[in-house]
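To start, the structure itself, in structure tokens.
Sequential numbering from 1 along the given sequence is applied to the chain's residues.
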Amino acid sequence: MTSNDDVQIREVADRHRFEILLAGERVGHVTYRDGGGARTFIHTETDPDRQGQGLAGRLVKYALDAARADGMRVVAECSYVQAFIERNPDYADLVGGASS
């Protein structure tokens, strides 16, 4: 397990993603696109050597909290994000599509 002091999460808006760093090294990311008042999460990835440490969950939680703070609805194209929302019903209110 990793220490909280070693983990940093940041948004890299020009690359449309959130990144998680462990001791300064990027070990995962979740990509998104914004449009029509919705943030669509496309893909979540964690380095294979770092899987099973809870990093992806922390990253997705941060990204969903950021979407909420930005007033965005969430579309979960990424199966990990979708499963995270299903396991954490506090985020269910964010789920919805962009207006067509």
Side-chain angles (χ1 to χ4, degrees):
M1 201 62 161
T2 59
S3 152
N4 283 342
D5 296 335
D6 295 338
V7 175
Q8 178 188 8
I9 302 173
R10 65 184 180 196
E11 182 176 12
V12 184
D14 62 332
R15 298 191 74 190
H16 305 284
R17 68 188 196 180
F18 291 87
E19 298 179 338
I20 189 163
L21 296 91
L22 181 60
E25 176 187 351
R26 186 176 58 82
V27 294
H29 66 269
V30 58
T31 56
Y32 66 87
R33 71 175 172 269
D34 289 344
R39 178 162 294 156
T40 301
F41 289 99
I42 302 163
H43 179 69
T44 303
E45 188 173 319
T46 307
D47 287 352
D49 293 342
R50 300 293 184 183
Q51 292 177 355
Q53 297 180 24
L55 296 170
R58 290 173 68 178
L59 174 61
V60 168
K61 179 184 184 316
Y62 184 95
L64 291 172
D65 288 343
R68 177 174 278 139
D70 291 342
M72 305 289 281
R73 304 285 294 156
V74 168
V75 178
E77 286 184 3
C78 169
S79 60
Y80 186 89
V81 173
Q82 183 177 16
F84 183 92
I85 293 169
E86 289 171 2
R87 287 190 314 270
N88 297 277
D90 290 349
Y91 292 99
D93 64 301
L94 295 176
V95 177
S99 302
S100 299

Residue that, paired with Ile85, satisfies side-chain contact (heavy atoms from CB on, under 4.5 Å) out of Leu64, Leu94, Asp90: Leu64
Contacts of type side chain to side chain contact (heavy atoms under 4.5 Å, CB included), residue Gln82, not counting sequence neighbours: Ala76, Glu86
Qualifying residues under side chain to side chain contact (heavy atoms under 4.5 Å, CB included), relative to Ala69, sequence neighbours excluded: none
Listed once per pair and sorted, the salt bridge (Lys or Arg N to Asp or Glu O under 4.0 Å) pairs that draw on residues 20-30, sequence neighbours left out: Glu19-Arg26
Connected via hydrophobic side-chain network under 4.5 Å: Ile9 and Leu22: yes
Distance-minimising heavy-atom pair for Val30 and Ala63: CG1-CB, 4.0 Å
Partners passing side chain to side chain contact (heavy atoms under 4.5 Å, CB included) against Thr46 (at least two apart in sequence or in another chain): Arg50, Gln51, Ala56
For His43, side chain to side chain donor-acceptor pair (under 3.5 Å) partners two or more places apart: Glu45
Arg39 and Asp34, any side-chain heavy atoms less than 4.5 Å apart: yes
Residue pairs passing the ring-ring contact (aromatic ring centres under 6.0 Å, His included) test where at least one lies in residues 64-86, sequence neighbours excluded: Phe84-Tyr91
Geometric class of the Phe18/Tyr62 ring pair [parallel <30°, tilted 30-60°, perpendicular >60°]: perpendicular
Separation between CZ of Arg10 and CD1 of Ile20, rounded to the nearest 0.5 Å: 11.5 Å
Within one Ile-Leu-Val-Met-Phe-Trp-Tyr cluster: Val7 and Val60, side-chain cutoff 4.5 Å: yes
From NE2 (His16) to CD (Glu11), nearest 0.5 Å: 10.0 Å
Heavy atoms from other residues, nucleotides or ligands near CZ of Arg15 exceed 12 (cutoff 6.0 Å): no
Closest approach of Gly28 to Leu59 (non-hydrogen atoms, all atoms of both residues): C-CD2, 4.0 Å
Distance (rounded to the nearest 0.5 Å) between Leu21 CG and Gln8 CD: 5.5 Å
Side-chain heavy-atom pair Arg68, Asp93 within 4.5 angstrom cut-off: yes
Closest heavy-atom pair and its distance - Tyr32, Arg17: CE2-N, 3.2 Å
